[in-house]
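Here is the structure we will look at, set down as structure tokens.
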Protein chains: 2
Amino acid sequence: MLIRIDPTLSTPLFEQLAAGIRASVIDGRLTVGERLLPARELAGALDINVHTVLRAYQILREEGLLDMRPGRGAIVAGRIGQHAALAGAIHDLVDEAKLRNVSESALLSLIREAYK
Amino acid sequence: MLIRIDPTLSTPLFEQLAAGIRASVIDGRLTVGERLLPARELAGALDINVHTVLRAYQILREEGLLDMRPGRGAIVAGRIGQHAALAGAIHDLVDEAKLRNVSESALLSLIREAYK
DNA sequence: CTATTGTTCTAGCTGGACTATAACAAGTGG
DNA sequence: CCACTTGTTATAGTCCAGCTAGAACAATAG
């Protein structure tokens, strides 16, 4: 599981991490039942704090993507079903946005608006 | 121009404001050539600081949405052309996401991922 | 010339993100 | 049962982005 973290970005580390794992689950790089690296281990590998990793894990658990318990670790639960369609739609939208020179942040806030 | 700001949300005020105005321009509530409220005035109305309003305005200028100069104010430039199609696509995507119980924050980070 | 309005600068406050330790609880495997 | 692993919880400190406040400046309108 290769996930890259960039401390210089404005998006929080725990969000970046959650986003990376989430994407991995959706496109199949992580499969249901698979176990993630133990928090302390991953934290060491990424050179960040354990709590930051755990915070990312907990977000994903609340989304139903992970199942975690002490002693067992964090396991991909993948309640998300067939997100493939969604992933496709997202891809198309992003392409469209790029084509029209709409910046990432602009697109993001348009979506935030649409969610209201 | 009615734009609502919620200080309790985690999204910065200046972003909320920029997002609101941006959306207004795109769906036609604000038309090209129209002048926005002077920063100090809008700040007073929203009960926030002038700098926060100006920061939002400047973001939109960088996007080419606004034209602003001292003494004249901020005017909708609307370089964005026909974003109607994009707006439609966004709307569809958000509906799809809601249908699948994908949270707003999850969708946002999926899009951030797709932008890479 | 005066009033308006964006621009720039300086300064201070606050909350969230991140880190660092440490103790605790629930599992796993021998 | 025991040792080890791993998530959970709590406490505390640092740092920075966002917001506020006040003031002086520059360009534009009338």
Ignoring hydrogens and angles, write down the donor-acceptor pairs under 3.5 Å from the side chains of residues 8-15 of chain A, residues two or more places apart or on other chains.
| unit_1 | atom_1 | unit_2 | atom_2 | d |
| --- | --- | --- | --- | --- |
| A:T8 | OG1 | A:D6 | OD1 | 2.7 |
| A:T8 | OG1 | A:D6 | OD2 | 3.3 |

Does D:dG18 have OP1 or OP2 under 4.0 Å away from a side-chain N or O of B:T52? no
Round to the nearest Å and state the distance from B:I59 atom CD1 to D:dC19 atom C1'. 14 Å
In short, salt bridge (charged side-chain N to carboxylate O under 4.0 Å, His left out) pairs touching residues 29-40 of chain B with sequence neighbours left out are B:D27-B:R29
Please tabulate the protein-to-nucleotide N/O contacts below 3.5 Å involving nucleotides 4-8 of chain D, giving atom names and distances.
| unit_1 | atom_1 | unit_2 | atom_2 | d |
| --- | --- | --- | --- | --- |
| D:dT6 | OP1 | A:R35 | NH2 | 2.7 |
| D:dT6 | O2 | A:G71 | N | 3.0 |
| D:dG7 | OP2 | A:A39 | N | 2.9 |
| D:dG7 | N7 | A:R40 | NH2 | 2.5 |
| D:dG7 | O6 | A:R40 | NH2 | 2.5 |
| D:dT8 | OP1 | A:R61 | NH1 | 2.7 |
| D:dT8 | OP1 | A:R61 | NH2 | 3.4 |
| D:dT8 | OP2 | A:Q58 | NE2 | 3.0 |

Does the B:S103 side chain pair with the main chain of B:A106, one donor and one acceptor, at a distance under 3.5 Å? yes
Partner set under side-chain hydrogen bond (donor to acceptor under 3.5 Å, both in side chains) for A:R72, not counting sequence neighbours: A:D67
Outermost DNA chain C nucleotides near chain B [under 4.0 Å, heavy atoms]: C:dT4 to C:dC9
Euclidean distance, atom CD1 of residue A:I48 to atom P of D:dT14 [Å, nearest integer]: 22 Å
A:S24 (side chain) donor-acceptor with A:G20 (main chain) under 3.5 angstrom: yes
List the residues meeting side-chain hydrogen bond (donor to acceptor under 3.5 Å, both in side chains) with B:E113, not counting sequence neighbours, and say none if there are none. B:K116
Looking at B:E63 and B:R22, is there a salt bridge between them, counting it only when a charged N and a carboxylate O are closer than 4.0 Å? yes
Starting at atom CZ of B:R55, determine the distance to atom P of D:dT20, rounded to an integer number of angstrom. 11 Å
Nearest atoms (heavy-atom pairs only) where B:A39 meets B:V50: CB-CG1, 4.0 Å
